[in-house]
Amino acid sequence: MLIQKRMMNFNFNYLLVIFLFLSISCKNKNGEVETNDMVTSKKPNIVIIYLDDLGYGDLSSYGATELITPNIDALSNGGLRFTDAYASSATCTPSRYALLTGMYPWRNKNAKILPGTAPLLISTEQQTLPKLLKKEGYQTAIVGKWHLGLGTGVVNWNERISPGPNEVGFDESYILAATQDRVPTVYIDNGHVVGLDPNDPIEVDYKNNFEGEPTAIENPEMVKMKWHHGHNNSIVNGIPRIGYMKGGDTAKWSDVDMADHFLEKAQTYIKEHKVEPFFLYYAMQQPHVPRTPHPRYAGKSGMGPRGDVILEADWCIGEFMKTLETEGVLENTLIIFSSDNGPVLNDGYYDDAIEKLGNHKPSGPLRGGKYSLYEAGTRMPFITYWKGKINPGVSNALVCQMDLLASVAKLVGAKEKPTDSQELLSVLLGNSTKGRDELVIEATSRTALRSEDWLMIPPYKGKDFEEKIGIQMGNSPEYKLYNLKNDISQNNNLAKSNPEKLKEMLDKFILIRGENYQEIEQLKLR
Ligand code: NG6
Ligand code: CA
């Protein structure tokens, strides 16, 4: 009896010691004691790594043999590699709009490739992924390419620029406004142009040049990278751009340092925000034009600057992953990797992308590319990675980047208003293979329907092959119907031989998209 009592006392003391030990070991980085409950239920960090114009065939984990991307492959090998994941669109602005709002971009008539002076496309009243996370106590940030418009009309680049990312849910933003080939060629830190000298104010105009300012047309001797189409306005760092800009000399970015610069910002963000849950949207600029690898990477791929910047992006991702690891947050971070739209070789500059391509196939087995309604426009490399939580594998489930909003909401227990985003959390974590039943994809305002293994493209005016960019667009006077399971390259149009399927697809498409799907403005390449 006595012995038993002693044993009980011993057990009790022993438990007390364990409890005290646990409480001590659960001090957070600020030195505050957290209960064990708080530690185990800490919400996961969420990171979206989003590339610009990276194609389905550009990574060795997606079958590339001429370009080796070990760091992205590590995400793929340690995570879930999706074969049938889509951006909502074959161009940047609409894809990013859908990613952040969960809405089909064709519901917003202004969701098209935006100039650098366009007003903010997302309403400040609208639900967004970062807003939703903020309500759940997340710290939120974007580092990199924005391209969703800024301000409400006329922007004064010399004052705080607003509304912008900070007004639609990001606590912190460090961005380039539009694209690397568009002015203004400056970084914007929480609405303020970085490094601006008030005595040299910035002015930006997309219609008229400023008097006395050189342009690529009038001063071809100043140009280091030759333009092929478009891109013949202001010259910055020897690179001709889209749009005119005056002033802001001390604020102009260095193109070759851009990748390092954004990487450093992303790493610093992790280091400074690792204690509480965070959402980081790391929107890298590669391999969009102008392709400007750092000298460390120039010539590395043997494929010209396009290949070089893909290797550079891969390196950045490796460095970024190391930071997550050394800062001790890797195990509690869900990483989603993807690209905003398909690949293009000549997007307006002579940069050897075609000449040095060799056997590389940026679209992999897919037809078309950026701007195209064929698969390569929107089917993307897409990887989910969560160390210890997602079992490595391959998923053939049909998913769209737009689905991240509802899925992430589910993950963090947030309430969301219904959008076009579908909650597919268990698919993204590899616990289910039941993806979407159907998806409307968009390319330069034209739309098509993917449903199960089928893809239907309705007739659209315009030429099918755009010579300037060398891409098949998916325009035709005829309906097109493909069975992607047997014909991933879209070589066999089954519209005539399977009219029942065509009708079924068309009915489904019209139900979602409406009857007026052909009332669109065609893409104009200057
Ligand atoms: C096009 C540009 C192209 C690229 C694209 C936007 C011309 C002729 N072409 O208008 O170079 O900037 O817009 O790409 O100007 S995206 O990935 O941001 O959608
Ligand atoms: Ca893009």
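In listed order, ligands and their atoms are each counted from 1. Residues take their numbers from the sequence shown, with the count starting at 1.
- Checking only distances, T93 never comes within under 3.5 Å of ligand 1, N or O to N or O.
- Taking a cutoff of 4.0 Å between a charged side-chain nitrogen and a carboxylate oxygen, E519 and R446 do not qualify as a salt bridge.
- Between K226 and D351 no salt bridge is recorded (no basic side-chain N to carboxylate O distance below 4.0 Å).
- Atom CG of D314 is separated from atom CG of N71 by 4.5 Å, given to the nearest 0.5 angstrom.
- Within ligand 1, the atoms closer than 4.0 Å to a non-hydrogen atom of N341 are 17 (O), numbered from 1 in the order shown.
- Proximity to T179 (heavy-atom distance under 4.0 Å) selects the following atoms of ligand 1: 18 (O).
- Looking at K370, R96, H229, Q285, it is H229 that brings a heavy atom closest to atom 8 (C) of ligand 1.
- Each protein N, O or S atom less than 3.0 Å from the Ca ion (ligand 2) was counted, giving 5.
- At least one heavy atom of Y371 sits under 4.0 Å from some atom of ligand 1.
- Using a 30° and 60° split on the angle between ring planes, F320 and Y282 fall in the tilted class, from 30° to 60°.
- For ligand 1, the atoms closer than 4.0 angstrom to any heavy atom of D347 are 3 (C), 4 (C), 11 (O).
- For ligand 1, the atoms sitting less than 4.0 Å from at least one non-hydrogen atom of T91 are 19 (O), numbered in the order shown with element in parentheses.
- Ring geometry, W146 versus F170: the interplanar angle exceeds 60°, so the pair is classed perpendicular (tilted spans 30 to 60°).
- For ligand 1, the atoms lying closer than 4.0 Å to a non-hydrogen atom of V289 are 11 (O).
- With sequence neighbours left out, the salt bridge (Lys or Arg N to Asp or Glu O under 4.0 Å) criterion links E125 to no other residue.
- Listed by number with element, the atoms of ligand 1 under 4.0 Å from a non-hydrogen atom of D52 are 17 (O).
- Here the OG1-NZ distance, from T268 to K265, works out to 6.5 Å after rounding to the nearest 0.5 Å.
- Within 6.0 Å of NZ on K480 lie more than 12 heavy atoms contributed by other residues, nucleotides or ligands.
- Using a 4.0 Å cut-off to heavy atoms of I242, the atoms of ligand 1 that qualify are 15 (O).
- A distance-only check finds a donor-acceptor pair linking the side chain of N190 to the backbone of S173 [under 3.5 Å].
- Polar contact check, C92 against ligand 1: a nitrogen or oxygen pair lies under 3.5 Å apart.
- Near H147, meaning under 4.0 Å from any of its heavy atoms, are these atoms of ligand 1: 18 (O).
- Between Y187 and W253, the angle of the ring planes lies from 30° to 60°, which puts this pair in the tilted group.
- Ring geometry for F279 versus Y281: interplanar angle under 30°, hence parallel rather than tilted (30 to 60°).
- How far NE2 of H228 is from NZ of K468: 8.0 Å, rounded to the nearest 0.5 Å.
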